[in-house]
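For the numbers below, each heavy atom of this structure counts, side chains included, while hydrogens, waters and symmetry mates do not. Note that the structure is predicted; figures quoted are calculated from it, not measured.
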Amino acid sequence: VQLQASGGGLVQPGGSLRLSCAASGSIFRINSMGWYRQVPGKQRDLVANITRDGSTNYVDSVKGRFTISRDNAKNTGYLQMNSLQPEDTAVYYCRADVRIVAGTSLTDRNYWGRGTLVTVSS
C-alpha cells in the first residue's frame, strides 16, 4: 500500500490550499485517515482525523479553518485549508489505517505518505 500526498506549496497569509492523499495497492478498505504536520525540531502532530463513517476531529488551532474529507470510492483523503497563517507552515503528512488481505485473513496496518511542504508567507 502506498500513500501519495500532494497539494502543498507557497501561499500568502489568508490564502487556501487543498491537500490530497491517494492510497493505492492491495486495499480491502481504509478505516481512518489523518493529516499530521511537522516543523523542524518538533514532533509530528495530529491536525485532523476522519473515520470511515465520516466522523472528524481537529486540533483546536485549525478548527473552523481546515476541513478534512474523504472519498471512499477513490481511496483518497483531502484537507482543505483556509485562512492559512504563517504558523501553519510545516511539512504535512497523511496517514491511513488500512485493512489489507494478509494470506487468508484480514489485518489492519498503518501507512504514511511522504510529506508535502506548506509554506505560508508574504
Side-chain angles (χ1 to χ4, degrees):
V1 175
Q2 293 186 332
L3 301 184
Q4 181 65 49
S6 61
L10 173 64
V11 64
Q12 293 186 342
S16 299
L17 284 174
R18 188 192 195 206
L19 305 183
S20 298
C21 178
S24 61
S26 299
I27 299 169
F28 181 80
R29 77 176 191 194
I30 296 177
N31 299 321
S32 64
M33 299 186 79
W35 288 94
Y36 293 70
R37 62 188 179 188
Q38 187 172 24
V39 298
K42 294 190 176 182
Q43 67 181 19
R44 189 175 301 182
D45 292 326
L46 174 68
V47 175
N49 189 73
I50 185 168
T51 63
R52 182 168 180 80
D53 64 1
S55 297
T56 60
N57 65 281
Y58 300 88
V59 66
D60 285 347
S61 61
V62 308
K63 286 181 179 177
R65 300 189 298 124
F66 291 11
T67 302
I68 189 171
S69 61
R70 61 189 287 173
D71 185 331
N72 291 335
K74 296 181 179 180
N75 287 332
T76 300
Y78 306 95
L79 185 68
Q80 177 67 42
M81 305 185 293
N82 299 328
S83 302
L84 283 161
Q85 301 300 319
E87 52 266 34
D88 296 315
T89 295
V91 177
Y92 283 71
Y93 297 88
C94 63
R95 176 205 57 80
D97 179 51
V98 182
R99 182 155 294 179
I100 63 170
V101 176
T104 58
S105 62
L106 299 174
T107 188
D108 293 339
R109 291 185 182 169
N110 232 9
Y111 295 90
W112 289 88
R114 292 186 179 182
T116 183
L117 177 63
V118 172
T119 303
V120 185
S121 175
S122 55

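A salt bridge is absent between Arg109 and Asp97; no separation between the charged side-chain nitrogens and carboxylate oxygens falls under 4.0 Å.
Gln85 places a side-chain N or O within 3.5 Å of a backbone atom of Ser83 that can act as its donor or acceptor partner. Side-chain atoms of Thr89 never come within 3.5 Å of backbone atoms of Thr119 as a donor-acceptor pair (strictly under, hydrogens ignored). With hydrogens and angles ignored, the 3.5 Å screen pairs no side-chain donor or acceptor of Asn82 with any backbone N or O of Leu84.
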Going through the checks in order, is the side chain to side chain contact (heavy atoms under 4.5 Å, CB included) test met by Tyr92 and Gln38?
-> CA-CA 7 Å; Tyr92 283 71; Gln38 187 172 24; over 6 Å; no
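A 4.5 Å side-chain heavy-atom check between Leu19 and Trp35 finds at least one atom pair inside the cut-off. Here the side chains of Ser24 and Gln4 are not in contact, with every heavy-atom distance at 4.5 Å or above. Met33 is listed as a side-chain neighbour of Cys21, based on a closest heavy-atom distance under 4.5 Å. Using a 4.5 Å heavy-atom cutoff, the side chains of Pro86 and Pro13 are in contact. Put simply, the side chain of Ile27 reaches to within 4.5 Å of the side chain of Val1, judged on heavy atoms.
The 12-atom threshold is exceeded at CD of Glu87, counting heavy atoms of other residues, nucleotides or ligands nearer than 6.0 Å. Around atom CZ of Arg29, more than 12 heavy atoms belonging to other residues, nucleotides or ligands sit under 6.0 Å away.
For the residue pair Thr76 / Asp71, no side-chain donor-acceptor distance below 3.5 Å is found, with atom types taken as modelled. Neither side chain, Asn75 nor Arg70, offers a donor N or O lying under 3.5 Å from an acceptor on the other.
When the side chains of ILVMFWY residues are joined at heavy-atom separations under 4.5 Å, either directly or via intervening members, Val118 and Ile68 end up in a single hydrophobic cluster. In the hydrophobic clustering of this structure, Tyr58 groups with Ile50; members are Ile, Leu, Val, Met, Phe, Trp, Tyr whose side-chain heavy atoms approach within less than 4.5 Å, directly or through other members.
A ring-centre distance under 6.0 Å is found for Tyr36 and Trp112.
Figure legend: cation-pi geometry between Arg37 and Tyr93 absent, as NZ or CZ is not positioned both under 6.0 Å from the six-membered ring centre and within 45° of its axis.
Note that CG of Leu79 and OG of Ser69 are 8.0 Å apart. Values are rounded to the nearest 0.5 Å. Put simply, CD1 on Ile30 and CG on Asp108 are 11.5 Å apart, with the number rounded to the nearest 0.5 Å.
Nearest approach of Asn110 to Ala96, heavy atoms of both residues: OD1-O, 3.3 Å. When all heavy atoms are compared, the tightest approach of Val59 to Leu46 is CB-O, 3.7 Å.
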